[in-house]
Amino acid sequence: MEPWLVAIVASVAFAGALLGLRRSRRTVARMLAAAGASSTAEPIGAVNALRDEADRTAQELAAERHDHDLLLEWLAQGLILIDRDLRIVAANAAAHGFLDRQPGSLMGRTVIEAFLDAQVETLARTALDQGSAVGEMARPDPAARRLLIRARRSAAGGAWLVLEDVSELRRLQQIRAEFIDNLSHELRTPLTTVSLLAETLTREAEAAADVIPLKMRDRIGKIEVETGHLVQMVSELLDLSRIESGGSIGAVDQLDLGQIATDSIERLRLFADRQGVTLRVDRHPPLPSVQGDEERIGQVFVNLLHNAVKFSPDGGEVTVSVRAEAGRVVTSIADHGVGIPKAAQARIFERFYKVDRARVRGETGGTGLGLAIARHIVEQHGGTIWVESTEGVGSTFSFGLPIPAEP
Ligand code: ADP
């Protein structure tokens, strides 16, 4: 190719890049091909071919831009693009609707002017600094609409805010929580009575073993076990709805997780002995204290320990280890039991999820609520909970709670 032709191609490509032509690399390749093909023809023909190619690319980009803008306008979700100074540089129709603004009137406004909510400004700043952030706000309108806001840093250095109206979802969640709460309250009293009666009946049947046939005693025993499960399920449902609707944690105590581990082991000792499982605790000092509600964190330990014992073989060992690492205290509860299949690991923290109802020894089948409760409590404390498990080898459930910064 002629050197002057290469210079023209390079300048056109450079101009294209300056104009922000995202597909400049492909364009240059096509230009070079066109130029190469016409290198034996008149130079003017080659320049014309290049100009036509540039025109076509510009038209394609304009059409693409038009489609892109149309799509943004059509979206039911509100979309807002802000720059580094938290000023709105683009906003679609839904965003204007959610914020009760005239079309186009959001442009150039700051986040605080648009939302009138300091929390959204903080959220936008967090996304700019850290890459992403999520939050929810109540609109100060008579319907008190709730907006879920997801913010993510854009490639150009600003951030996208995606707004979603979740008022209806939150209303339905509230109805569901109240329904479960009311139902559990109503069920608890009669069920507790039935369970106590079944317990008494079992004792009396055992005492009168010579007159009551074995088959009948068996049936009475089963009624007692099943009512026990029902009582446990109702009380866990109540716990869950109380924790879910509670929002943030109640009492804030200084917690020594090593001590809570030791206390929880003592609470589970009898159950572990009956299952033939040994319990051990490994405390790795120094262990800074964390902040939280002692009763609820104790419940997390008990739920995880209870599962670890329940899914361990006779003669098995369960170890609780507590250590500080990377700004948090991590507690791990490891067993050598049945393990959890990979596909189920992502779902076991959902309420009512059980891997396989036939895997538990004896009659100690659970409700499928224990891990959901544990996850809620840990997340309310600003922590995370996770599992590592291999089928047939064992499971380790861990949760990390943040160490508060020095005052
Ligand atoms: P459940 O009351 O059924 O134990 P959870 O929410 O505590 O309910 O646990 C959900 C499911 O996760 C259990 O039914 C079980 O299938 C699985 N699982 C929990 N912990 C363990 C464990 N340590 N080993 C194997 N499977 C477990």
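Residue numbers start at 1 and run along the sequence shown. Atoms within a ligand are numbered from 1 in the order they appear, just like the ligands themselves. Just so you know, these numbers use all the heavy atoms, side chains as well, and skip hydrogens, waters and symmetry mates.
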**Message:** Yes or no: does N303 have any heavy atom under 4.0 Å from an atom of ligand 1?
**Reply:** no

**Asked** Under 3.5 Å, N or O to N or O, is A372 touching ligand 1 that way?
**Response** no

**Prompt:** What do you reckon, does K310 put a non-hydrogen atom under 4.0 Å from ligand 1?
**Reply:** yes

**Request:** Using distance alone, determine whether V355 and ligand 1 share an N or O pair under 3.5 Å.
**Result:** yes

**Asked** Between G368, S312, S395, which one has a non-hydrogen atom sitting closest to atom 8 (O) of ligand 1?
**Response** G368

**Request:** Apply salt bridge (Lys or Arg N to Asp or Glu O under 4.0 Å) to R375 and E379, showing your working.
**Result:** CA-CA 6 Å; R375 178 174 62 100; E379 287 178 358; 3.8 Å; yes

**Request:** Step through the shown structure and confirm whether more than 12 heavy atoms of other residues, nucleotides or ligands are within 6.0 Å of CZ on R269.
**Result:** yes

**Item:** salt bridge (Lys or Arg N to Asp or Glu O under 4.0 Å) between R203 and E206, worked out
**Value:** CA-CA 5 Å; R203 268 204 313 276; E206 288 305 325; over 6 Å; no

**Asked** Hey, are T278 and R280 close enough side-chain-wise for a donor-acceptor pair under 3.5 Å?
**Response** no

**Atoms in ligand 1 flagged as close to L371, the criterion being non-hydrogen separation under 4.0 Å** = 5 (P), 6 (O), 7 (O), 9 (O), 10 (C), 12 (O), 19 (C)

**Fill in**
Atoms of ligand 1 under 4.0 Å from any heavy atom of L369, numbered from 1 in the order shown, are 6 (O), 8 (O)

**Asked** Is the centre of the F301 ring less than 6.0 Å from the centre of the F399 ring?
**Response** yes

**Message:** What's the separation between atom CZ in R153 and atom CG in D129, rounded to the nearest 0.5 Å?
**Reply:** 8.0 Å

**Item:** Heteroatom distance test (K354, ligand 1): nitrogen or oxygen, under 3.5 angstrom
**Value:** no

**Asked** Do E178 and N182 have side-chain N/O donor and acceptor atoms under 3.5 Å apart?
**Response** no

**Item:** Y353 neighbourhood, listing ligand 1 atoms whose heavy-atom distance to it stays under 4.0 Å
**Value:** 10 (C), 11 (C)

**Complete:** Note: ligand 1 atoms sitting under 4.0 Å from heavy atoms of I348 are 12 (O)

**Prompt:** Do any N/O atoms on E236 end up under 3.5 angstrom from N/O atoms on ligand 1?
**Reply:** no

**Prompt:** Do E136 and Q119 pass the side chain to side chain contact (heavy atoms under 4.5 Å, CB included) test, and can you show the C-alpha distance, the side-chain angles, and the key distance before you say yes or no?
**Reply:** CA-CA 9 Å; E136 202 170 307; Q119 279 180 7; over 6 Å; no

**Prompt:** Can you check salt bridge (Lys or Arg N to Asp or Glu O under 4.0 Å) on D69 and R65, steps first, answer last?
**Reply:** CA-CA 6 Å; D69 290 348; R65 179 72 200 236; 3.6 Å; yes

**Request:** Looking only at distances, please establish whether an N/O atom of ligand 1 is found under 3.5 Å from an N/O atom of F397.
**Result:** no

**Asked** Less than 3.5 Å between some nitrogen or oxygen of G339 and one of ligand 1, yes or no?
**Response** no

